Participant: 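Would you mind keeping the following structure in view while I ask a few things?
Please read these numbers as outputs of a predicted model, since none were measured by experiment. Remember, it's 1-based here, ligands and their atoms both numbered in the order they're listed.
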Amino acid sequence: DADFMETFLAQLRSETAKNQLRLVKEFAEKGELGLEALMQWYLERGSAKPTPVDGTLHQCLVAANTPKTQEFVQTHLANGVVELRSQANIDYTPLVTLLAEQKYEEGDRLTLAKLCELAGDAAMKRGWLYFTEVEQFPIEDLQTLDQLWHIYSEGKFGYSIQRDLWLSSGKNWEKLWPLIGWKQGNNWTRYPKEFIWDLSAPKGHLPLSNQLRGVRVISSLLTHPAWQS
Ligand code: UYC
């Protein structure tokens, strides 16, 4: 057992991030010893800046759902792996819980609710955003939301990913939509049934921004100063 652990830990420590991701998922399937090793590795990684590997590890421990992983998650991962900074004093732990369970559809809905909470009472009642409200969003809160989506999606989802794709499409919305799976030909992807609520989705697919009232909201999101630093 000790040998198994050491071999595994040595393997993990030396691998590239991409291979670490694969190994974490592999070892989560290897029963109690694999899970034990994952928990030990998480602790020895300490307070290094979180990466998608940490998010995947958290997801695997939640999915394993054994008494030991449950206790570990409660003790060491109660707030997840991302520092939940908020200038608006908003609690993002319910979003962590959903993303750690890979409940991306619920997480997407909660993300819109959190954006409305950021915008204030009027937006919460309305249920959607004015672009002028988005412009006023605090940097930390957007960065936290983006980090959460990024780290709990193997690096696939989040606003900064959408921004990168938008910039590389020459800021052309009509080029962006099919790239992120929001439009095929002349047809908008229909909410919610036609969207892909797991990691088989294209890069940048989530979180969603409804385009019913035009591109100004997503435009404000993707040009926000949060992504400049
Ligand atoms: N919906 O089509 N969407 C809704 C998207 C459009 C529409 C919610 C995204 C096109 C209506 C989310 C796309 C369109 C509602 C999204 C998309 C349209 C609705 C729930 C691809 C018609 C009912 C949150 C760009 C041609 C609610 C919310 C309403 C809801 C997301 C229709 C997250 C990414 C142009 C009628 N759509 N949406 O905002 O407001 O309500 O009436 O984008």
Side-chain angles (χ1 to χ4, degrees), residues 55 59 82 86 88 90-138 141-224 226-227:
Q59 288 173 327
V82 173
S86 169
I90 289 180
D91 177 15
Y92 293 108
T93 50
L95 181 58
V96 175
T97 304
L98 290 176
L99 295 178
E101 294 174 327
Q102 300 199 56
K103 292 184 176 165
Y104 292 116
E105 182 171 0
E106 291 90 333
D108 184 66
R109 273 201 293 273
L110 185 58
T111 298
L112 175 62
K114 289 297 179 190
L115 293 180
C116 288
E117 195 178 335
L118 266 181
D121 288 342
M124 282 171 77
K125 286 207 191 88
R126 202 188 307 132
W128 47 273
L129 302 162
Y130 288 130
F131 75 98
T132 47
E133 292 167 333
V134 176
E135 286 169 352
Q136 303 304 316
F137 282 169
D141 290 70
L142 279 187
Q143 287 179 344
T144 297
L145 284 167
D146 179 58
Q147 277 267 302
L148 283 173
W149 277 98
H150 184 76
I151 278 176
Y152 286 96
S153 68
E154 303 184 7
K156 190 161 223 180
F157 299 148
Y159 301 116
S160 55
I161 297 284
Q162 291 172 346
R163 171 185 160 87
D164 289 347
L165 291 168
W166 175 63
L167 290 178
S168 61
S169 77
K171 303 188 181 179
N172 183 329
W173 298 111
E174 290 308 317
K175 283 191 183 152
L176 179 68
W177 307 142
L179 214 57
I180 62 176
W182 291 10
K183 200 174 187 179
Q184 276 149 321
N186 286 323
N187 302 313
W188 293 105
T189 305
R190 293 228 190 147
Y191 183 82
K193 281 276 188 306
E194 290 179 1
F195 288 92
I196 300 164
W197 304 106
D198 58 48
L199 293 178
S200 70
K203 213 171 157 187
H205 193 60
L206 301 175
L208 300 182
S209 291
N210 193 356
Q211 297 307 307
L212 191 60
R213 299 173 190 84
V215 296
R216 285 186 301 181
V217 165
I218 191 168
S219 176
S220 293
L221 268 174
L222 301 191
T223 57
H224 194 280
W227 322 127

Participant: Over 60° means perpendicular and under 30° means parallel, so classify the ring planes of Trp173 and Trp177, tilted if in between.
Facilitator: parallel

Participant: Is the CZ atom of Arg216 crowded by more than 12 outside heavy atoms at less than 6.0 Å?
Facilitator: no

Participant: Can you tell me if Lys203 has over 12 outside heavy atoms packed within less than 6.0 Å of its NZ?
Facilitator: no

Participant: Tell me, yes or no, whether the heavy-atom count around Glu135 atom CD, taken from other residues, nucleotides or ligands under 6.0 Å, exceeds 12.
Facilitator: yes

Participant: I'd like to know if Glu154 pairs up with Lys156 as an ion pair, taking the criterion as any Lys NZ or Arg NE/NH1/NH2 lying under 4.0 Å from an Asp or Glu carboxylate oxygen.
Facilitator: no

Participant: Do Phe157 and His150 have their ring centres less than 6.0 Å from each other?
Facilitator: no

Participant: Under a 4.0 Å heavy-atom cut-off, what residues line ligand 1?
Facilitator: Leu112, Trp182, Trp188, Thr189, Tyr191, Phe195, Leu208, Ser209, Asn210, Gln211, Leu212, Arg213

